[in-house]
Each structure stands twice: as C-alpha cells, then as structure tokens.
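All values below come from the heavy atoms of this structure, side chains included, with hydrogens, waters and symmetry mates left out. Each ligand, and each atom within it, is numbered from 1 in the order the structure gives. Everything numeric in this text was worked out from a predicted model, so none of it was measured.
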Amino acid sequence: MAFEISDRLKKLPPYLFVAIDEAKAQAISAGVDVIDLGVGDPDLPTPEHIVQRLITAAQNPANHHYPSSQGLAAFREAAAQWCRERFGLDLDPQQEVVSLIGSKEGIAHMPLAFVNPGDVVLVPTPAYPVYHIGTLFAGGQTYYLPLTEDKGFLPDLSAIPEDVISRARMIWLNYPNNPTAAVATKDFFTRVVEFAREHNLIVCHDAAYTEIYYDDFRPPSFLEAPGAKEVGIEFHSLSKTYNMTGWRIGFAIGSPELIGALTKVKSNIDSGVFQAVQEAAIEALTGDQTCVAKAREIYRERRDVVVEGLRSLGFRVQNPQATFYVWASTPPGYSSADFATRLLKEAGIVVTPGAGFGEPGEGYFRIALTVDKERLAEAIERIKGVQF
Ligand SMILES: *Cc1c(COP(=O)(O)O)cnc(C)c1O
C-alpha cells in the first residue's frame, strides 16, 4: 500500500542536521574518536536521592494507576513552592500549575488550545524547532522574529508589521536562550507584557534553562514582570536542572485561563506523568539543591575552558551568562555547515551549525558543554591543529 502522509507532515521543515548526523555515524564506524559537542543532553547522572525516590515510589501499587493529566496535587504544590522560593511567585497550585510530560510536550500542544487555522504565531529564529512545529500542527502561520547579535538576541517587537500583529494570537520567547545563550532581564519581560496587552497576545515563555547560570546573574521568570500572569504561560523543565531528560517531566505555570485550556488539550490526548516519576520530581524540587549548584560549577569550569580556548585561537565568542551552550562565530569565509563539516572531517569534533536553528543562525556554531572538561580541552587542542 502507498499511504499518503498528511499535509501537515509534508510541511515539516527539512531536518537540517541530516548531513552532519550521517558524517558523524561514518566517522564513528571508521574508528574516529569523535568528540560530540552537538547534543544538548546533560552527561551528568540524575542525583541519587531523586533516583532512590523513584525506586520507592515505583514499589507503591497506588502509583500503578492512570495519573491525572493535571498532575498530583502534591506535585503541583511542590512546583508552586519551588517557584515561590526561586522567583518570588505566588501561584495557586490548583489552577495555575499543570504537569507536563517534559516541557516539549506542553510547548507542542499549547497552540492546539488557542490557534485557529490562519492565525499568526510569533516565533523567534534561530530557535528550538518546537515553537514552529506546534504552530504548524495547529494550522497556524509562523511569523519569524529574527534574533540578532546587535539586539542582544532579543526580538525587535517594534519591527513587526501592524497587519501581522493584528492576526497574531501568541508570541514565543525562550530565555536563557537555546541556541544563542542570550539572557533577558525583567525589564525586557515588562516591555513584552505591555506589548502583549496592547495587542491582545498570549505570551508563551520557555524557561528550560533558568537554573543553568553563571557568576552573579540569576535568570528571572517571565512571571516576575508586573501583570505577566494575566497574559502569559511559562514552561519549566526538570530535564536540564536535575539531569532528568529521560524521565519526561516538566510543568507549566501562569494564567488560569491558559493553564486550563492547555490541560483540556492534554486530558484529551495523554493521561499524565507516571506518579512515581512525579514523586521523584517532588523530591527534586523540594529536596537538597546542592546538586544543582554543583552542576552549575561543573558547567562553569567547562565554559571557561571552551570560551578561553576558542578565544585564544582567534574565534569570536560570547561568554555565556547562562545555559550550557557556547554560541561562537564561524571563521570568516565559512558557512556554518561548511565549518561543522570541516571540523568533523579534520578534528573528529561535532558542533551544531547555527543555520540549523534558523537562517539568522548562519555564521555561528553551537557547542554544548555536555562532555567533561578534559575532553573539552582536547577538543580545543584538536581545533588548534586545523587551518581555517
Ligand atoms: C531541552 C529543551 C526543552 C525541553 O525539555 P524537556 O525535556 O521536554 O522538558 C525545551 N526548550 C528548550 C529550548 C530546550 O533546549
């Protein structure tokens, strides 16, 4: 049988990392000792006290049933409590918090709750691909907001044409940002709230990296901005904070209207997160936080090795204040894809070409600090040996 795929699948953007994935697989099978700096998945294990809590929670038959899509009351309370301690937010765990099967799940489903065919969604570029894909699956139209270095990788809201804004339902933001590692201040979020009020827009903020920060900068929550809860929803993830990418748990917080509609979509599609995983997440959010401080310290050391190393080789590099990514400029004359290909062929190193995240990412490459500092130092040594 020949099955015709749906128009929505046909419209998916081409996967831009195909070439580099293939080249990587080839290099590995040819016996090259590849250093993979491409993957944004922590190499550190989930802290032991969280794993132990899963084990005991999995042994409790009460946890073997269908969970609710909304999440255990105790999980939502723990999330609200964590947000109070970390950001000073005052959230009603009943109406302003919902559990997610990883924040990606909530991000992908959010447009189904508010976007009608033809509605515009404002999406940053370069960016995590899910904002656009969720829009596409809901039948919406993406209008891209370029993030450029001269604007600190923040979208220029004043550059959006009037006729686009009038058809727009929502705007996506992500700070600390993947892939540019840029951060936003509460002042910027305050301006976004005003903009959203003026144009009747829903603000969706992806906050996956708020806990991966360096030095004295503590990334704010979007909901810290005055009036933000009336216009916004924020997506939190335990994946990066507690090295739990495989566990699939996150949560969204914000306006009861937005949380309620997202929960409605979810309750018609999924049946929530395994309760034992929710219990482990409660342990993560309410337990000892020194594991997070330790992870930050490890990433900071790695960041210093990479930023200082690349700078010593003449690369133009932003010193990130947050995230475990380093966003660097490709050498003059190289497209990001050519640079990545050459680095893999001649140094056995995988980096992510910036253009893979969207056209304005051209001229940059991304390094993930998810390998140990000795390997990173070796990567710098290998790059030194390549003539660009
Ligand atoms: C890793 C990541 C996420 C999602 O993580 P989950 O594991 O689904 O919680 C969301 N947004 C960005 C930008 C990410 O890099």
With heavy atoms of Ser239 as the reference, note each atom of ligand 1 found under 4.0 Å away.
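Under 4.0 Å from Ser239, ligand 1 has these atoms: 6 (P), 7 (O), 9 (O).
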
Contacting atoms of ligand 1, where contact means under 4.0 angstrom from a heavy atom of Gly102
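Contacts of ligand 1 toward Gly102, numbered from 1: 8 (O), 9 (O).
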
Could you tell me whether Arg366 sits above the aromatic face of Phe357, with NZ or CZ closer than 6.0 angstrom to the six-membered ring centre and within 45 degrees of the axis?
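Checked: cation-pi criterion not met.
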
Within 45° of the six-membered ring axis of Tyr213 and under 6.0 Å from that ring's centre, is NZ or CZ of Arg296 located there?
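Yes, cation above the ring, under 6.0 Å and within 45°.
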
Taking the six-membered ring where the residue is Trp, are the ring centres of Phe217 and Tyr214 under 6.0 Å apart?
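Ring centroids of Phe217 and Tyr214 are no less than 6.0 Å from each other.
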
Does the gap between the ring centers of Phe388 and Phe339 come in under 6.0 Å?
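Between Phe339 and Phe388, which both carry aromatic rings, the centre distance is below 6.0 Å.
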
Has ligand 1 got any nitrogen or oxygen that is less than 3.5 angstrom from a nitrogen or oxygen of [X]?
{"X": "Glu105", "value": "no"}
{"X": "Asp206", "value": "yes"}
{"X": "Ser237", "value": "yes"}

Quick check on Tyr209 - does any of its heavy atoms sit under 4.0 Å from an atom of ligand 1?
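Yes, Tyr209 has heavy atoms under 4.0 Å from ligand 1.
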
Is Arg248 in contact with ligand 1, taking contact as a heavy-atom separation below 4.0 Å?
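Contact check Arg248 vs ligand 1: positive.
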
For Val97 and Arg76, work out which heavy atoms get closest and say how close.
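Looking at all heavy atoms of both residues, the closest pair is O-CD, 3.2 Å.
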
Which residue and atom name correspond to the protein heavy atom nearest atom 1 (C) of ligand 1, and how close is it?
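Closest protein heavy atom to atom 1 (C) of ligand 1: Lys240 NZ, 1.4 Å.
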
What residue and heavy atom of the protein are closest to atom 4 (C) of ligand 1, and at what distance?
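Its nearest protein heavy-atom neighbour is Ser103 OG, 3.2 Å.
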
State whether a side-chain donor-acceptor pair under 3.5 Å links Thr185 with Asp187.
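No, no side-chain donor-acceptor pair sits under 3.5 Å.
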
Have Asn177 and Thr180 got a donor and an acceptor in their side chains that come within less than 3.5 Å?
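Thr180 and Asn177 do have a side-chain donor-acceptor pair below 3.5 Å.
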
Ligand 1 versus Ile249: contacting region, heavy-atom distance under 4.0 Å
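No part of Ile249 is near ligand 1 at this cut-off.
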
